[in-house]
Undergrad: 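Below are the structure tokens for one structure; questions will follow.
Quick caveat: nothing in here was measured; it's all calculated off a predicted structure.
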Amino acid sequence: MTQDVSQRWNRTDGVVIAPGTSPETTAAAFAERGVVVRLEWFPATSHLVGLTLLTDVEGRVAVTPPTRGGVVAGPGVSELVESLARELGANVAIGPAIFNALPEGTELPEVPAGPSRASRTVVISTMSAYMVPLQATLLERPLAVVSLPDVDRRVVMYGGEGAALGSFGWDDESLPALVLTVDERDMAVRAVTSTDSEEDAVFSWGMTSRYVWGGVEEPGPALRTLVDQLLTDSTDASVIAAAVPGADPEAVAAAVSVPGIEGVSAVVEALGLPAWVTSVLAGQLAPVEVPGAVVHEPRGLSNAVGRSVGLMLQDPSTPGSAFWHSYVRTVTETPWVVRAGALVEAGLGGALVGAALRRRSRTGDLPGGLLGLGIVLLVDAVAETSLASWTRHKELRRRADEEMALVAEELGA
């Protein structure tokens, strides 16, 4: 039984850093050596060319043979790396092999990292709404959030420089997440399906991709099949579509082939997302202007925790929220019940403390257990009274605001 030829080869990634050298010159250097490779670069950083080629178990690179189709084993990775680096005056790394032939004193152009001042990001995630205030504080940036109940997703929006959602890792509760980003350098969509970033499905509208077919101008069937199997990165539209319930994978696959912001718009439409998502990404609509958006500012950890707890307890699906609503009604409508309970608890605590002190006066020994329980009951009674008072005050203010809003609405009518 013959073994599939693709099973002999492994994908190997690398990079060529060659200031002053065009990607076309780099491609020509690979073609002269007959190496089959895929090159990728961004227009703003054309000196930085990413590459993917094929190697066998002995570390030899796949090249095109002179007399037949397909590929054969060529030079070793280390030999190829040194050869390319010396010819291009570059720093070349492929797999574990690295060779730096940059001229001494070469200053590399600065590569922008992270969101730029003009960037706009929309994240569609299963993240709970009550997690957004904490994320705003963690990232130190305002976050606008809109819930999409039809698909059980939250849309989190932000722009400008700073840390991005996922910069400090993703938690399982927020996955899957779909991240759409647009700035002056790139337009991209990324599906995050697990905490392992290597499993992300990414598509970029700004990246240039070019295949070098070794020493041939046009690939034959065998070579094209091998490249399709091992070098072509599937956009994996099915993974991107799966991040949003009800999305059509075929429509998403067709949408990513549309260039520019029109492609971004096509993806948003194929995913079944609201049209304002495209408006935000295109810079036509600020996140705070989105209908129904709630903006969470980074106001400190204690404030974020308070807002998160409030949102969590307002969510009927949150365990304990029914108990909390019952507690609010009790302290608001029958506050004497809480006060009476606190008085009984404080009385019992005081009695235990008194008994402990009396026993000490008689025997000289202070019973720590009795004294400790009494102090705990006293402290709990004070805390319960304070919480009940704060909760009642907040609920009465909320009801007053609602009544004023109704009066204003009637007067306006």
Undergrad: Decide yes or no on side chain to side chain contact (heavy atoms under 4.5 Å, CB included) for Val192 and Leu175, but give the supporting numbers first.
TA: CA-CA 7 Å; Val192 185; Leu175 300 179; 3.7 Å; yes
Undergrad: Looking at CZ of Arg38 and CG of Leu51, how far apart are the two atoms once the value is rounded to the nearest 0.5 Å?
TA: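 So the gap between those two atoms works out to 9.5 Å.
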Undergrad: Answer yes or no: are there more than 12 heavy-atom neighbours, outside Glu24 itself, under 6.0 Å from its atom CD?
TA: yes
Undergrad: Is a side-chain N or O of Thr64 found less than 3.5 angstrom from the main chain of Val71, in a donor-acceptor match?
TA: no
Undergrad: Checking Asp56 now: which residues fulfil side chain to side chain contact (heavy atoms under 4.5 Å, CB included) with it, not counting sequence neighbours?
TA: Trp9, Glu58, Arg60, Ala73
Undergrad: Ser204: which residues meet the side chain to side chain contact (heavy atoms under 4.5 Å, CB included) condition with it, sequence neighbours left out?
TA: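 Residues passing side chain to side chain contact (heavy atoms under 4.5 Å, CB included) with Ser204: Phe42, Asp186, Ala188, Met207.
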Undergrad: For Ile98, give me all partners under side chain to side chain contact (heavy atoms under 4.5 Å, CB included), at least two apart in sequence or on another chain.
TA: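 Asn91, Ala93.
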Undergrad: Decide yes or no for Leu273 and Ile124: does some side-chain heavy atom of the first lie under 4.5 Å from some side-chain heavy atom of the second?
TA: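 Side chain of Leu273 against side chain of Ile124, heavy atoms only: contact under 4.5 Å found.
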Undergrad: If you measure only the distance, is there a donor-acceptor pair under 3.5 Å linking the side chains of Ser174 and Asp171?
TA: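 A pair is found: one side chain offers a donor N or O, the other an acceptor, under 3.5 Å apart.
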Undergrad: Which word best sums up how the rings of Trp205 and Phe203 line up, parallel for under 30°, tilted for 30 to 60°, or perpendicular for over 60°?
TA: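 Taking Phe203 first and then Trp205, their aromatic rings stand perpendicular (interplane angle over 60°).
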Undergrad: Any heavy-atom pair between the side chains of Val244 and Leu148 that's under 4.5 Å?
TA: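 SC-SC contact between Leu148 and Val244 ruled out.
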Undergrad: Once rounded to the nearest 0.5 Å, what's the spacing between atom CG of Leu180 and atom CG of Leu281?
TA: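 Separation between the atoms: 5.5 Å.
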Undergrad: Going through the distances and angles, do Leu165 and Gln135 end up as a side chain to side chain contact (heavy atoms under 4.5 Å, CB included)?
TA: CA-CA 8 Å; Leu165 275 176; Gln135 287 288 344; 3.5 Å; yes
Undergrad: To the nearest 0.5 angstrom, please state how far the OG1 atom of Thr26 sits from the CD1 atom of Ile17.
TA: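 If we round to the nearest 0.5 Å, Thr26:OG1 and Ile17:CD1 are 11.5 Å apart.
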Undergrad: So, does Arg120 use its side chain to make a donor-acceptor pair with the main chain of Gly159 at under 3.5 Å?
TA: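 Looks like no, no N/O pair under 3.5 Å.
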Undergrad: Does the side chain of Val15 come within less than 4.5 Å of Val92's, by heavy atoms?
TA: no
Undergrad: Can you list the steps and then say if Arg210 with Glu40 is a side chain to side chain contact (heavy atoms under 4.5 Å, CB included)?
TA: CA-CA 6 Å; Arg210 174 175 175 177; Glu40 291 181 328; over 6 Å; no
Undergrad: So, for Leu143 and Ala136, which heavy atoms are closest and what is the spacing to 0.1 Å?
TA: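 Closest approach of Leu143 to Ala136, heavy atoms only: CD1-N, 3.5 Å.
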Undergrad: Does any part of the side chain of Val256, heavy atoms only, come nearer than 4.5 Å to the side chain of Val258, both counted from C-beta?
TA: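 Answer no - side chains too far apart.
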Undergrad: Under 3.5 Å, is there a donor-acceptor pair between the side chain of Tyr211 and the main chain of Val227?
TA: no
Undergrad: Scan residues 262-279 for pairs that pass side chain to side chain donor-acceptor pair (under 3.5 Å), counting only residues two or more places apart or in two chains.
TA: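 Residue pairs with at least one partner in residues 262-279: there are none.
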Undergrad: Closest heavy-atom contact between Val132 and Val145?
TA: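 In this case the closest contact between Val132 and Val145 is CG2-CG2, 4.0 Å.
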Undergrad: Give, for atom CG of Leu178 and atom OG of Ser125, the distance between the pair rounded to the nearest 0.5 Å.
TA: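 One finds 10.0 Å between CG of Leu178 and OG of Ser125.
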Undergrad: I need the Ile94 CD1 to Thr55 OG1 distance, nearest 0.5 Å.
TA: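 The OG1 atom of Thr55 is 9.5 Å from CD1 of Ile94, to the nearest 0.5 Å.
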Undergrad: For the side chain of Asp200 and the backbone of Val202, is there at least one donor-acceptor N/O pair under 3.5 Å apart?
TA: no
Undergrad: Where do Gly74 and Val63 come nearest, in terms of heavy atoms and distance?
TA: CA-CG2, 3.8 Å
Undergrad: Please tell me if the side chains of Leu54 and Val61 come closer than 4.5 Å, counting only heavy atoms from C-beta onward.
TA: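 The answer is no, as the side chains (C-beta and beyond) never meet within the 4.5 Å cut-off.
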Undergrad: Any heavy-atom pair between the side chains of Thr121 and Val179 that's under 4.5 Å?
TA: yes
Undergrad: Which heavy atom of Gly89 sits nearest a heavy atom of Leu102, and at what distance?
TA: O-CD2, 3.4 Å
Undergrad: So how far is it from Met187 CE to Ile261 CD1, rounded to the nearest 0.5 Å?
TA: 6.0 Å
Undergrad: Closer than 3.5 angstrom, by distance alone: can the side chain of Arg11 be matched with the main-chain N or O of Leu230 as a donor-acceptor pair?
TA: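 Looks like yes, one N/O pair under 3.5 Å.
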Undergrad: Shortest non-hydrogen contact from Arg224 to Pro219?
TA: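 So the two residues come closest at NH2-CG, 3.2 Å.
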Undergrad: Does the Ser119 side chain pair with the main chain of Gly160, one donor and one acceptor, at a distance under 3.5 Å?
TA: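 Judged by distance alone, yes, a pair lies under 3.5 Å.
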Undergrad: Could you check Glu173, Arg154, Arg153 and say which one makes a side-chain contact (heavy atoms from CB on, under 4.5 Å) with Thr126?
TA: Arg153
Undergrad: Applying side-chain hydrogen bond (donor to acceptor under 3.5 Å, both in side chains), can you list everything that pairs with Thr25, at least two apart in sequence or on another chain?
TA: Ser22
Undergrad: Run the side chain to side chain contact (heavy atoms under 4.5 Å, CB included) test on Leu48 and Trp41 for me, step by step, so that the C-alpha distance in whole Å, both residues' side-chain angles and the decisive distance to 0.1 Å come before the verdict.
TA: CA-CA 7 Å; Leu48 186 65; Trp41 67 92; over 6 Å; no
Undergrad: Mind checking side chain to side chain contact (heavy atoms under 4.5 Å, CB included) for Glu140 and listing every partner two or more places apart, or none if nothing turns up?
TA: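 Residues passing side chain to side chain contact (heavy atoms under 4.5 Å, CB included) with Glu140: none at all.
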Undergrad: Donor-acceptor check, side chain of Arg141 to backbone of Glu161, threshold 3.5 angstrom: yes or no?
TA: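 Yes, the answer is positive, given that a donor and an acceptor are paired below the 3.5 Å cut-off.
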Undergrad: Tell me whether Glu79 is salt-bridged to Arg33, with the criterion being a basic N under 4.0 Å from an acidic carboxylate O.
TA: no
Undergrad: Ignoring hydrogens, what is the shortest heavy-atom contact between Pro249 and Ala241? Give both atom names and the distance.
TA: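 Shortest heavy-atom contact: CA-CB, 3.8 Å.
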